[in-house]
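Below is one structure, written out as structure tokens; the observations come after it.
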Amino acid sequence: MSASNENKKAVWSVIARIPSGRVATYGQIATLADIPGQARFVGYLLARLPQGSTLPWHRVVNSSGKITNPNAAAQAVRLQAESVSCDANRVSLKQYRWQIPAESLSTT
DNA sequence: TCCATGACACTAG
DNA sequence: CCTAGTGCCATGG
């Protein structure tokens, strides 16, 4: 078992938790996946995400709310379908940023 | 093993 | 708004 595999599952789990109509940044996901500062890893995983995946990858944007994705057009469409306004491949993090659930931070 | 690349983040200019 | 530099991790030549 590779540690990276565990981190991968953690990242996928976090992304799967992003509510519809909300967006999260790579860094935010990395932090929630218990791997703060490894936003690069999150982007790497999404880039290699299998086509059969049901993960809401479209809810992931960079720290500026900008859609940095090989298929930004499709992403923008998916977001708009969830009532998330995106202008020039950009979303308002002020409005749509996913608030970190306290339960995730709680020490169970 | 070294170097280059990538759906990132942060800081400085 | 832009670019450049640095840090992070994984993969491929």
Side-chain angles (χ1 to χ4, degrees):
Chain A
M1 290 294 287
S2 302
S4 59
N5 187 39
E6 296 303 310
N7 293 335
K8 178 175 65 176
K9 291 193 305 180
V11 170
W12 284 348
S13 179
V14 172
I15 295 175
R17 285 176 179 168
I18 304 174
S20 177
R22 292 274 149 177
V23 298
T25 67
Y26 295 87
Q28 184 178 358
I29 292 169
T31 299
L32 291 175
D34 197 45
I35 51 174
Q38 300 180 195
R40 196 78 165 152
F41 183 53
V42 177
Y44 173 77
L45 290 180
L46 287 177
R48 289 178 42 69
L49 195 66
Q51 297 189 350
S53 178
T54 57
L55 287 176
W57 53 270
H58 53 278
R59 295 177 189 149
V60 184
V61 296
N62 71 358
S63 61
S64 301
K66 186 78 160 58
I67 298 176
T68 45
N69 169 303
N71 200 347
Q75 170 37 332
V77 173
R78 284 170 175 271
L79 284 178
Q80 290 181 35
E82 297 184 351
S83 303
V84 176
S85 302
C86 40
D87 177 58
N89 292 341
R90 273 208 52 175
V91 304
S92 175
L93 292 178
K94 271 288 197 182
Q95 287 184 123
Y96 305 109
R97 192 173 221 239
W98 178 35
Q99 302 301 172
I100 301 176
E103 302 129 52
S104 296
L105 302 177
S106 185
T107 52
T108 41

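Computed from a prediction, not measured in an experiment: that's the story for all the values here. Side-chain atoms are counted along with the backbone in the values below, which use heavy atoms only and exclude waters and symmetry mates. A note on names: the letters A, B, ... follow the listed sequences, proteins ahead of strands, and every chain is numbered from 1.
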Quiz item: Are A:L45 and A:I15 close enough, and set up right, to give a side chain to side chain contact (heavy atoms under 4.5 Å, CB included), and what steps lead you there?
Solution: CA-CA 11 Å; A:L45 290 180; A:I15 295 175; over 6 Å; no
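- Going from atom CG of A:N62 over to atom C1' of B:dT11 covers 16 Å, rounded to whole Å.
- When distances run from any side-chain atom of A:F41 to the nucleotides C:dA10, B:dC8, B:dA7, the shortest one goes to C:dA10.
- Looking at A:Q38, its side chain never comes within 3.5 Å of a backbone N or O of A:N7 through a donor-acceptor pair.
- Judged by distance alone, with hydrogens and angles left aside, A:Y26 brings no side-chain donor or acceptor close enough to the base of B:dA9 to form a pair under 3.5 Å.
- Rounded to whole Å, atom C1' of C:dA10 lies 14 Å from atom CG of A:L46.
- Side-chain nitrogen and oxygen atoms of A:R40 include at least one within less than 4.0 Å of the OP1 or OP2 phosphate oxygen of B:dC8.
- Considering only side-chain N and O atoms, A:S63 lies under 4.0 angstrom from the phosphate OP1 or OP2 of B:dA9.
- Residue A:T25 is classed as a sugar-phosphate contact, given heavy-atom separations below 4.0 Å to backbone atoms only.
- Residues A:A33 and A:A10 share a closest heavy-atom pair of O-CB, 3.8 Å.
- Look at the P atom in both B:dA7 and C:dG7: the space between them is 22 Å, to the nearest Å.
- Proximity note for A:Y44 (side chain, C-beta onward) versus B:dG6, C:dC9, B:dA7: the nearest is B:dG6.
- Of all the heavy atoms in A:K8 and A:F41, the pair that sits closest is N-CE2, 4.1 Å.
- Between the C1' atom of B:dG6 and the CZ atom of A:R48 lies a distance of 12 Å, rounded to the nearest Å.
- In this structure, CD of A:Q28 is placed 21 Å from P of B:dA7, rounded to the nearest angstrom.
- In this structure, the CG atom of A:L45 is 21 Å from the P atom of B:dT5, given to the nearest Å.
- The distance between atom CG of A:N5 and atom P of C:dC9, rounded to the nearest whole Å, is 17 Å.
- The backbone N or O of A:K66 lies less than 3.5 Å from no partner atom in the side chain of A:S64, so there is not a single donor-acceptor pair.
- In terms of phosphate contacts, A:T68 brings a side-chain nitrogen or oxygen within less than 4.0 Å of OP1 or OP2 of B:dC8.
- The CD-C1' distance, from A:E6 to C:dC9, rounds to 16 Å in whole Å.
- The nearest whole Å value for the distance from the CG atom in A:L79 to the C1' atom in B:dA7 is 13 Å.
- Checked against B:dA7, C:dC9, C:dC1, the side chain of A:R90 finds its nearest nucleotide in C:dC1.
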